[in-house]
Peer 1: 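Next up is a structure, given as structure tokens.
Hydrogens, waters and symmetry mates are skipped; everything else that's a heavy atom, side chains included, is used. Every number for a ligand or one of its atoms is a count from 1 in the order of the listing.
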Amino acid sequence: MKKLTVGVVGLGYWGPNLVRNFTDHDKFSVTWGCDLIDQNLDRAKKILPTIQVTKDFNELLNDPQLDMIAIATSPETHALLGKKVLESKKHLWIEKPFTTSLHDAQELLDLAKKNNLYLHVDFPFIFYGPVLKMQELLQSNTIGEPSYYTSFRTNLGLIQKNVDVVWDLAPHDLSILFHLFPNKKIVDVQTIGSTPISNGNTNQIANLVVEFENNFTAYIHLSWLSPVKLRLITLGGQKKMILFDDISPSEKIKIYDKSIQIERNDVTPFKPVYRTGDVLVPT
Ligand SMILES: NC(=O)c1ccc[n+]([C@@H]2O[C@H](COP(=O)([O-])OP(=O)(O)OC[C@H]3O[C@@H](n4cnc5c(N)ncnc54)[C@H](O)[C@@H]3O)[C@@H](O)[C@H]2O)c1
């Protein structure tokens, strides 16, 4: 079968990972790398000596042999570059966040549909083992009715100009939530953020609260200002709770057989009953 030829645009921090992963995959062949910075082009050549490199995005658009373009530039450029890819009748792979406005997202979706092209937004977590395990545990009703989701996604940096910590990090949690709960409707969203480090006009630390129907709420803390890296999700259920610690080298998922029931009777109208059982680490 003919391999799909790919060009990667944006070879800063994340783009080289795309070059590596597409190269390792037997269905893709990376033929182009594009960036505005010479050093980044040189680095791509070291990863894949056969890659053609350029600073001019139009060279990729004009190559009739190129099937797909992957955009890994900063978020505010996604809409414009993505539109040009689809207008040149090539499939589009685009990094999260897809676009920075709903209008742009809809325009790209419409264009892909009209031109009969694939449009893939890179949400890596929805293909990730621990998230698939959480999905399995939900579907098998192991934890009971889900009652809350919390996430701590913190690090020292990477502080970025013109990029908001919510746009940078929240897509990971939102993609996980939409994957785990495709049918749950959102009732309300609240965000509060701030820019404690000077010279910025975008949030560097923020809390996002997403309220779903049936009393299920996600609390997401996002920060580029933390001394420690945390990637810690808790999914609480009425019967059990799941902890997903992505920093842990092994044991990323733990199932805690813990829960709280509130008992009510005439004598004690509010009596919390705590239940503590085993902790299971699934393989
Ligand atoms: N899926 C993930 O888990 C994941 C992880 C990290 C970053 N990302 C996403 O990847 C994207 C890039 O992030 P990054 O941290 O690598 O940013 P970066 O700033 O390190 O790299 C972006 C690169 O794009 C280049 N660029 C900008 N405009 C260009 C143009 N018109 N033509 C060619 N090159 C151009 C810049 O020179 C720069 O080297 C962002 O959307 C980010 O959210 C995704």
Peer 1: Would you say ligand 1 has an N or O under 3.5 Å from any N or O of T77?
Peer 2: no

Peer 1: With a 4.5 Å cut-off on side-chain heavy atoms, are L232 and L243 touching?
Peer 2: yes

Peer 1: Would you call K55 and D38 a salt bridge, using N to O less than 4.0 angstrom?
Peer 2: yes

Peer 1: Go through ligand 1 atom by atom and flag the ones less than 4.0 Å from a non-hydrogen atom of G12.
Peer 2: 20 (O), 21 (O), 23 (C), 39 (O)

Peer 1: Quick one: do D188 and Q190 satisfy side-chain hydrogen bond (donor to acceptor under 3.5 Å, both in side chains)? Show the steps, please.
Peer 2: CA-CA 7 Å; D188 193 23; Q190 293 176 39; 3.1 Å; yes

Peer 1: Within 4.0 Å of atom 26 (N) of ligand 1 (strictly less), any protein heavy atom?
Peer 2: yes

Peer 1: Kindly give the heavy-atom pair with the smallest separation between V165 and S223, and that separation in Å.
Peer 2: CG2-N, 4.0 Å

Peer 1: Between V9 and ligand 1, find which residue part has any heavy-atom pair under 4.0 Å and reply side chain, backbone, both or neither.
Peer 2: side chain

Peer 1: Numbering the atoms of ligand 1 from 1, which are under 4.0 Å from a heavy atom of A72?
Peer 2: 11 (C), 12 (C), 22 (C)

Peer 1: Output yes when a side-chain donor or acceptor of H221 lies under 3.5 Å from a complementary backbone atom of F152, and no otherwise.
Peer 2: no

Peer 1: Which option out of K96, Q39, E76, R43 puts a heavy atom nearest to atom 9 (C) of ligand 1?
Peer 2: K96

Peer 1: Heavy atoms only: which of F98, W14, F123, Y13 is nearest to atom 8 (N) of ligand 1?
Peer 2: W14

Peer 1: Below the 3.5 angstrom mark, is there an N/O of K55, backbone or side chain, next to an N/O of ligand 1?
Peer 2: no

Peer 1: Considering only protein heavy atoms, which is closest to atom 44 (C) of ligand 1, and at what distance to one decimal place?
Peer 2: E95 OE1, 3.0 Å

Peer 1: Quick one: does H78 get a heavy atom under 4.0 Å from ligand 1?
Peer 2: yes

Peer 1: Hey, what's the ring geometry for F178 with F212, parallel, tilted or perpendicular (30° and 60° as the breaks)?
Peer 2: perpendicular

Peer 1: Please verify whether a non-hydrogen atom of P171 lies at under 4.0 Å from ligand 1.
Peer 2: no

Peer 1: Give the residue and atom name of whichever protein heavy atom lies nearest to atom 24 (O) of ligand 1, and the separation in Å to one decimal.
Peer 2: G10 CA, 3.4 Å

Peer 1: At a 4.0 Å threshold, what atoms of ligand 1 neighbour a non-hydrogen atom of D122?
Peer 2: 1 (N)

Peer 1: Give a yes or no on whether atom 17 (O) of ligand 1 lies under 4.0 Å from any heavy atom of the protein.
Peer 2: no

Peer 1: Which ligand 1 atoms does H172 reach within 4.0 Å, using its non-hydrogen atoms?
Peer 2: 2 (C), 3 (O)

Peer 1: If you draw the axis of the six-membered ring of F125, does the NZ or CZ of R153 fall within 45° of it and under 6.0 Å from the ring centre?
Peer 2: yes

Peer 1: Note the single closest protein heavy atom to atom 38 (C) of ligand 1, along with its residue, its atom name and the distance in Å.
Peer 2: D35 OD2, 3.5 Å

Peer 1: Counting from 1, what ligand 1 atoms have a heavy atom of I37 closer than 4.0 Å?
Peer 2: 37 (O)

Peer 1: Under a 3.5 Å distance rule, please check whether K133 uses its side chain to pair with a backbone N or O of G129 as donor and acceptor.
Peer 2: no

Peer 1: Ignoring hydrogens, what is the shortest heavy-atom contact between S175 and I126? Give both atom names and the distance.
Peer 2: O-CG2, 3.5 Å

Peer 1: What atoms of ligand 1 come within less than 4.0 Å of a heavy atom belonging to P97?
Peer 2: 43 (O)

Peer 1: Hey, is F57 touching ligand 1 through its side chain, its backbone, both or neither, going by heavy atoms under 4.0 Å?
Peer 2: neither

Peer 1: Using 30° and 60° as the class boundaries, would you call the ring planes of F244 and Y128 parallel, tilted or perpendicular?
Peer 2: tilted

Peer 1: Can you pull out the closest protein heavy atom to atom 40 (C) of ligand 1? Residue, atom name and distance to 0.1 Å, please.
Peer 2: T73 O, 3.4 Å

Peer 1: Where does N40 meet ligand 1, judged by heavy-atom distances below 4.0 Å: at the side chain, the backbone, both, or neither?
Peer 2: side chain

Peer 1: Using a strict 4.0 Å threshold on nitrogen-to-oxygen distance, state whether D257 and R275 make a salt bridge.
Peer 2: yes

Peer 1: Hey, is the main chain of H78 close enough, under 3.5 Å, to the side chain of T99 for a donor-acceptor pair?
Peer 2: no

Peer 1: Does this structure show an ion pair linking K2 with D67, if we count only N-O contacts that are shorter than 4.0 Å?
Peer 2: yes

